Amino acid sequence: MDEADRQLLRRCRVRLVTELQVASLWDVLLTRQLFTPAMIEDIQHAGSGSRNDQARQLVIDLETRGSQALPLFISCLEDTDQDKLASLLRMSRQAEKQNPEAVRPLNLMPVVLGPTGLTPEDLREKHGPSKPTPGKLAPVVLGPEQLWPDKLRPEVLRSEVSRPVDSGSGRFSDVCAQEISKQNVDLAYALNTDPCGHCLIINNVNFCLESRLTTRAGSNIDCEKLRRRFRLLHFTVEVKCDLTAKQMLQALVELARRDHGALDCCVVVVLSHGCQASHRQFPGAVYGTDGCPVSVEKIVNIFNGAGCPSLGGKPKLFFIQACGGEQKDHGFQVASASPEDRTPDSDPESDAVPFQEGPGPFDQPDAVSSLPTPSDIFVSYSTFPGFVSWRDTKSGSWYVETLDGVFEQWADSEDLQTLLLRVANAVSQKGIYKQIPGCFNFLRKKLFFKT
């Protein structure tokens, strides 16, 4: 689907979610091969399974269904007598084709108006507000305020334009900036293949009695959100549930041994209980369902150059939803504190278990000695090392819930590190007890997801 159709769907999303009669669409969507049976089933089970949730997910997934998805969808609406919505989309689409600038946001660039004899050197000498001088007209700049004459040098202009603009509406961004960064292979990883990579989600919920670890209620909600999110980001997603420490390592090694030569990226997500662990580079460990820990260092080390040569030079992303320790952060007062984000019905739990010091299967020398100088590795932790990570039994963890929302809103315009900064800021404002996610970033370039 091209950018114009995608923007049209987003502008009409509220009305579509409100009015779309999804129950009458399933058969015709299958007949026209707009969605597969598996995708239809996923949409039907989205969120709470309500009509609104199904409609919202259908519109979101529609963006991934190819260049003819929107006209086919309009035909499906007409076939099911939803003529008002079909007419809205068809007329809006025709209007955009005839006059695209009338409906698309403008990517504003500075335009300098002045005498034709005024040289670039003259512009560079201008600082602050323009002051007219006799016999020489001062230039006038039309464009964003941050690009006034004192910043009009080509090298500065390029850096200013390459920064996404947040309008405050939550949707508008500088598409030009995104494309400049994405197309520059020296600045951004190329995520061009479809699928762009494998995504493995390990979701440990139920633990053996001997482990004395509690059931992680709400983790299945996290798992479903991430499965859907990374599928929309063009990853092939595989979910493995309730694995022992040995089974976790086997699943990770199996993934690392696959041929990633035709792919551009790899993602590993671990949802489990966690603890502190002795480490040299990457802190923390996560538990298998048998109560045995696996260090984050060992997980990352499996995907190094020796263990996974076909991912050499390609980004390897790790998302860890687990406690980093037992400390509970009460936070501290600031002059302008944000309102607490905890709902009356929330039931937060932590994923904390005691710190395990000394030698063990998770910090033996062979787990770290072969780890090369990290490159193309990004490890995102749900919490600061040593602190608990909060999970709501009804809505899932704070970290994953926020990560999913930020990716939905901003993944089409911002790079990974900027997205994670948004996540950290949002999570830090939640709850009575506090939590702040963090990351170890050894990427060599910016990473923009394929959307």
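For this chain, numbers begin at 1 and follow the sequence in order. For clarity, every value in this text was computed on a predicted model and none was experimentally measured.
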Rounded at 0.5 Å granularity, tell me how far [atom1] in [X] sits from [atom2] in [Y].
X      : Y      : atom1 : atom2 : answer
Asp79  : Cys76  : CG    : SG    : 6.5 Å
Ile43  : Leu29  : CD1   : CG    : 7.5 Å
His260 : Cys265 : NE2   : SG    : 10.5 Å
Leu62  : Asp5   : CG    : CG    : 9.0 Å
Leu9   : Ser92  : CG    : OG    : 10.5 Å
His234 : Leu232 : NE2   : CG    : 8.0 Å

Measuring only between side-chain heavy atoms, which start at C-beta, is [X] closer than 4.5 Å to [Y]?
X      : Y      : result
Asn192 : Lys450 : no
Asn441 : Val379 : no
Leu88  : Cys12  : yes
Val286 : Asn204 : no
Ile377 : Phe303 : no
Phe230 : Leu317 : no
Gln44  : Trp26  : yes
Leu255 : Cys266 : yes

May I ask you to check whether [X] and [Y] place their ring centers less than 6.0 Å from one another?
X      : Y      : answer
Phe235 : His198 : no
Tyr399 : Tyr381 : no
Phe440 : Phe282 : yes

Exercise. Is it the case that more than 12 heavy atoms not belonging to Arg258 sit under 6.0 Å from its CZ atom?
Worked result: yes

For this session: Inspect the surroundings of CG in Asp27 and state if more than 12 heavy atoms from other residues, nucleotides or ligands are less than 6.0 Å away.
Result: no

Can a donor-acceptor pair be found, under 3.5 Å and without considering hydrogens, that links the side chain of [X] to the backbone of [Y]?
X      : Y      : value
Ser87  : Asp83  : no
Lys314 : Gly261 : yes
Arg51  : Thr18  : yes
Ser310 : Asp259 : no
Arg422 : Thr402 : no
Thr193 : Pro195 : yes
Lys446 : Tyr189 : no
Asp290 : Thr244 : no

For this session: Run the numbers on Leu420 and Phe378 for side chain to side chain contact (heavy atoms under 4.5 Å, CB included), then give the verdict.
Result: CA-CA 11 Å; Leu420 268 297; Phe378 190 98; 4.1 Å; yes

For this session: Begin from the C-alpha positions of Tyr287 and Ser272 and carry the test side chain to side chain contact (heavy atoms under 4.5 Å, CB included) through to its verdict.
Result: CA-CA 6 Å; Tyr287 278 94; Ser272 188; 4.2 Å; yes

Taking atom types as modelled, find out whether [X] and [Y] have a side-chain donor-acceptor pair closer than 3.5 angstrom.
X      : Y      : answer
Thr289 : Asp242 : no
Gln57  : Asp61  : yes
Asn203 : Asn220 : yes
Thr80  : Gln82  : yes
Asp222 : Gln321 : no
Thr418 : Asp415 : yes

For a quick test of reading the model, state the closest non-hydrogen atom pair linking [X] to [Y] and the distance between them.
X      : Y      : answer
Cys223 : Val239 : SG-CG1, 3.5 Å
Cys308 : Ala256 : SG-O, 3.1 Å
Arg231 : Val237 : N-CG2, 3.7 Å
Ala245 : Val294 : CB-CG2, 3.6 Å
Ala322 : Ser382 : O-OG, 3.1 Å
Pro37  : Leu30  : N-CD2, 3.6 Å

Exercise. Is the His273 ring parallel, tilted or perpendicular to the Phe207 ring (thresholds 30°, 60°)?
Worked result: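 Taking Phe207 first and then His273, their aromatic rings sit tilted (interplane angle of 30° to 60°).
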
One thing to verify: whether [Y] and [X] come together as a salt bridge, which I'm taking to mean a side-chain N less than 4.0 angstrom from a carboxylate O.
X      : Y      : result
Arg6   : Asp412 : no
Arg257 : Glu254 : no
Arg444 : Asp376 : yes
Glu408 : Arg13  : yes
Arg65  : Glu63  : no
Arg229 : Asp404 : yes

For this session: Take Phe448 and Leu187 through the side chain to side chain contact (heavy atoms under 4.5 Å, CB included) test and state the conclusion after the steps.
Result: CA-CA 11 Å; Phe448 290 89; Leu187 294 178; over 6 Å; no

Exercise. Where do Phe73 and Leu25 land on the side chain to side chain contact (heavy atoms under 4.5 Å, CB included) test, with the steps shown first?
Worked result: CA-CA 10 Å; Phe73 180 64; Leu25 280 171; 4.2 Å; yes

